[in-house]
2 protein chains.
Amino acid sequence: MYEQLKLDNQLCFRLYTASRLITQAYRPYLEPLGITYTQYLVLMVLWEKDNLLVSEISERLMLDTNTVTPLLQRMEHEDLLVRTRSVVDARQKLVSLTKKGRRLEEQAKEVPACMVAKLPFLGNDPTRIQAFIENLNGMIDMLKE
Amino acid sequence: MYEQLKLDNQLCFRLYTASRLITQAYRPYLEPLGITYTQYLVLMVLWEKDNLLVSEISERLMLDTNTVTPLLQRMEHEDLLVRTRSVVDARQKLVSLTKKGRRLEEQAKEVPACMVAKLPFLGNDPTRIQAFIENLNGMIDMLKE
DNA sequence: TTAATTTATATCGTTCACGATACAAAAATA
DNA sequence: TATTTTTGTATCGTGAACGATATAAATTAA
């Protein structure tokens, strides 16, 4: 038995588990809105700035087009957004919120507070959260190359 | 535009991204062994203690049976393990490593060091890593209910 | 002992995530 | 201008994740 292969020693396993549980924790708030966590991420990007290219959304979420395209197709099918061919460059596709997609922002604005409430330890110490996010950002920077 | 709905403010998005990138970072080391990251997790559990019930693996990885069962089926198909009906309780299924599954441990023992090398900032400050893991464990404890 | 309930695992359907590949449009090169 | 290369998006196939449901075996209750 190699010590380094023990599950409990693995930072990565914790990260993987925490990420899964976070997604699960969002579900009760997002399901009533008819969206998944990944779709919520797309919407947050578009709420911040509408009419983006597929590639811009892709870059913002650090996801490849082979993940983003089907995701946007499903969201278009749900009438959350529309994808229109760019006139400047016919390869590009412009993603824009529909009325329904825009309206969801109003309903979603309480979601972050609900999630914070599920993670009380985070509320206590702002510098601790900051350090935590710094660590995550550090990892992301190192791995995204 | 609600401030709390900005993507950059979201700890959860960082966690989600870091987790994805970690899994991607494992790939070059695990693919030569013919396994995925999740399969590697199962193997780590079994290398630590062989002959476990499906429910024990499930609990250890905090994954439900509807994830674990198909996973184990694929791994059985790859001749990494076998699943045998328990004689004590015919509902239970015992999961045991095959020779091939056991041999993989030897090949996998370098993987953790390779991953640490990909995350140099972690090597510098052990207390920082510890605090990081504590935060993750804290989140997991709060979310697993 | 029979019937109802609980438990352990499995199946089904949907959505991600992602490597590999395809395809058409644009840009670069000949 | 014709050809090649690059770029932006899409398609395909596979393996997770996971909610919902199913099934058979064990346990409990009647």
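As the structure is a prediction and not an experimental result, all values here were calculated from the model.
- Between A:A90 and A:R85, the closest heavy-atom pair is O-NH1, 2.7 Å.
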Salt bridge (charged side-chain N to carboxylate O under 4.0 Å, His left out) assessment of B:K109 paired with B:E106: CA-CA 6 Å; B:K109 69 175 196 286; B:E106 187 65 31; 2.7 Å; yes

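- Put simply, the side chain of B:S58 gets close to the backbone of B:L63: a donor and an acceptor are under 3.5 Å apart.
- Here B:S58 does not reach the OP1 or OP2 of C:dT9: none of its side-chain N or O atoms lies under 4.0 Å away.
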A:D50/A:S96 under side-chain hydrogen bond (donor to acceptor under 3.5 Å, both in side chains): CA gap, chis, key distance, verdict: CA-CA 6 Å; A:D50 201 355; A:S96 319; 4.8 Å; no

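- C:dA17 atom C1' lies 15 Å from atom CZ of A:R20, rounded to whole Å.
- Taking every heavy atom of residues 90-99 of chain A and every atom of DNA chain C, pairs under 4.0 Å involve A:A90, A:R91, by number.
- Atom OH of B:Y26 is separated from atom P of C:dC18 by 16 Å (rounded to the nearest Å).
- For the pair A:Q24 and A:D64, nearest-nucleotide mapping onto DNA chain D gives the more 5' position to A:D64.
- The neighbour count for B:E59 CD, taken as heavy atoms of other residues, nucleotides or ligands under 6.0 Å away, does not exceed 12.
- Close to C:dC18, at under 4.0 Å from its OP1 or OP2, lies no side-chain N or O of B:R27.
- Whole-Å rounding puts the A:L41 CG to C:dT15 C1' distance at 14 Å.
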Contacts under 3.5 angstrom, residues 26-35 of chain A side chains, donor-acceptor by atom type, not counting sequence neighbours:
{"from": "A:Y26", "atom 1": "OH", "to": "B:Q10", "atom 2": "OE1", "distance (Å)": "3.3"}

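- Listed by first then second residue, pairs satisfying side chain to side chain donor-acceptor pair (under 3.5 Å) with a partner in residues 61-75 of chain B number zero, not counting sequence neighbours.
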All N/O pairs under 3.5 Å across the protein-nucleotides 11-14 of chain C interface:
{"from": "C:dT11", "atom 1": "OP2", "to": "B:Q73", "atom 2": "NE2", "distance (Å)": "2.7"}

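- In this structure, A:T17 contributes its side chain and A:F13 its backbone to a donor-acceptor pair below 3.5 Å.
- A:R128 forms no cation-pi arrangement with A:F132, by the criterion of a distance under 6.0 Å to the ring centre and an angle within 45° of the ring axis.
- In this structure, B:L72 atom CG and C:dA10 atom P are separated by 8 Å, rounded to whole Å.
- A nucleotide of DNA chain D counts as in contact with chain A when one of its atoms lies under 4.0 Å from a heavy atom; the first and last such, 5' to 3', are D:dT7 to D:dG19.
- Between B:V68 and B:E31, it is B:V68 whose nearest contact on DNA chain C lies nearer the 5' terminus.
- Across the protein-nucleic acid pair, B:E59 atom CD and C:dT9 atom C1' stand 15 Å apart, rounded to whole Å.
- Under the rule for a side chain to side chain contact (heavy atoms under 4.5 Å, CB included), the partners of A:E78 that lie at least two apart in sequence or sit in another chain are A:L80.
- Between A:K49 and A:E56, no side-chain nitrogen of the basic residue sits less than 4.0 Å from a carboxylate oxygen of the acidic one, so the salt-bridge criterion is not met.
- Two residues, A:L63 and A:V88, neighbour DNA chain C, and the one matched to the more 5' nucleotide by heavy-atom proximity is A:L63.
- Nearest-nucleotide positions on DNA chain D for B:M62 and B:R85 put B:M62 closer to the 5' end.
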